[in-house]
Amino acid sequence: AQSVTQPDIHITVSEGASLELRCNYSYGATPYLFWYVQSPGQGLQLLLKYFSGDTLVQGIKGFEAEFKRSQSSFNLRKPSVHWSDAAEYFCAVEGSSYKLIFGSGTRLLVRP
Amino acid sequence: GAVVSQHPSRVICKSGTSVKIECRSLDFQATTMFWYRQFPKKSLMLMATSNEGSKATYEQGVEKDKFLINHASLTLSTLTVTSAHPEDSSFYICSAGSRQSSTDTQYFGPGTRLTVL
């Protein structure tokens, strides 16, 4: 069965520090992978997506993610976190019929 | 990216009444729209998939008679929560996509907070 695991419920980093959010997926074929960000009470904004090609994907707001097939991972990274990055982050894989299967989310807290 | 709107952003209703939530794709034609429900501090749960001009496909465990979905045009889908009860209180989010190619993406609306008293 298709699934997404985000093992970290909360992560706290200091402003200016680097960030890595983990995502592991289970999918039989080549996956389409996504990272979304959600601010409190808001919808989801697409940060980046991987469909094929270069395994290092650049997104908006300085985020990037690397697809590693051997590890079934698609971790999100940012070299220097800003206070405005505090939000909930969701990793997702596209299943059949274009349905998105979401991980449970990671809440990012940023220390001043 | 594409813009998807939802209306209303927040609604409070009495138990037993029905509530309609609209999802609109503002700058593209959405052949497919998805409706999600999100409980506090939880992930998104897909409720149903709606394709323009056809009946919605509901996920297992979602009552189709309670959550009526209509996708009458390429820019509008509606979710009606019928005979709402307090347990229906939740954050409802729609997304819209246009599968013109294999690399198209879903775009999400800002969500609707439903509170049933």
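Note that this is a predicted model, so its numbers are computed, not measured. Proteins get letters first, then strands, A, B, ... in listed order; numbering begins at 1 in each.
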In the single-linkage hydrophobic clustering (I, L, V, M, F, W, Y; side-chain heavy atoms under 4.5 Å), do [X] and [Y] co-cluster?
| X | Y | value |
| --- | --- | --- |
| B/F39 | B/L114 | no |
| B/W35 | B/V4 | no |
| B/V62 | B/V116 | yes |
| A/V4 | A/L48 | yes |
| A/V93 | B/L46 | no |

Exercise for review: Inspect the surroundings of NE2 in B/H7 and state if more than 12 heavy atoms from other residues, nucleotides or ligands are less than 6.0 Å away.
Suggested key: no
So for atom CD1, which belongs to A/I9, do other residues, nucleotides or ligands contribute more than 12 heavy atoms lying within a distance under 6.0 Å? no
Does a side-chain heavy-atom distance below 4.5 Å link [X] with [Y]?
| X | Y | answer |
| --- | --- | --- |
| B/F91 | A/Q38 | yes |
| B/F34 | A/K99 | yes |
| A/Y36 | B/Q106 | yes |

Bottom line for B/Q38: the part with an atom under 4.5 Å from chain A's heavy atoms is side chain
- Item | Donor-acceptor pair, side chain of B/S43 and main chain of A/G103, under 3.5 angstrom | yes
From the list A/L100, A/I101, A/L44, side chain to side chain contact (heavy atoms under 4.5 Å, CB included) with B/L44 holds only for A/L44
Looking only at B/E59, B/M45, B/R10, the option with the highest number of non-hydrogen pairs under 4.5 Å against chain A is B/E59
When the 4.5 angstrom heavy-atom criterion is applied to A/Q45 and chain B, the contacting part is neither
Cut-off 4.5 Å, heavy atoms of chain B, and the answer for A/F90 is side chain
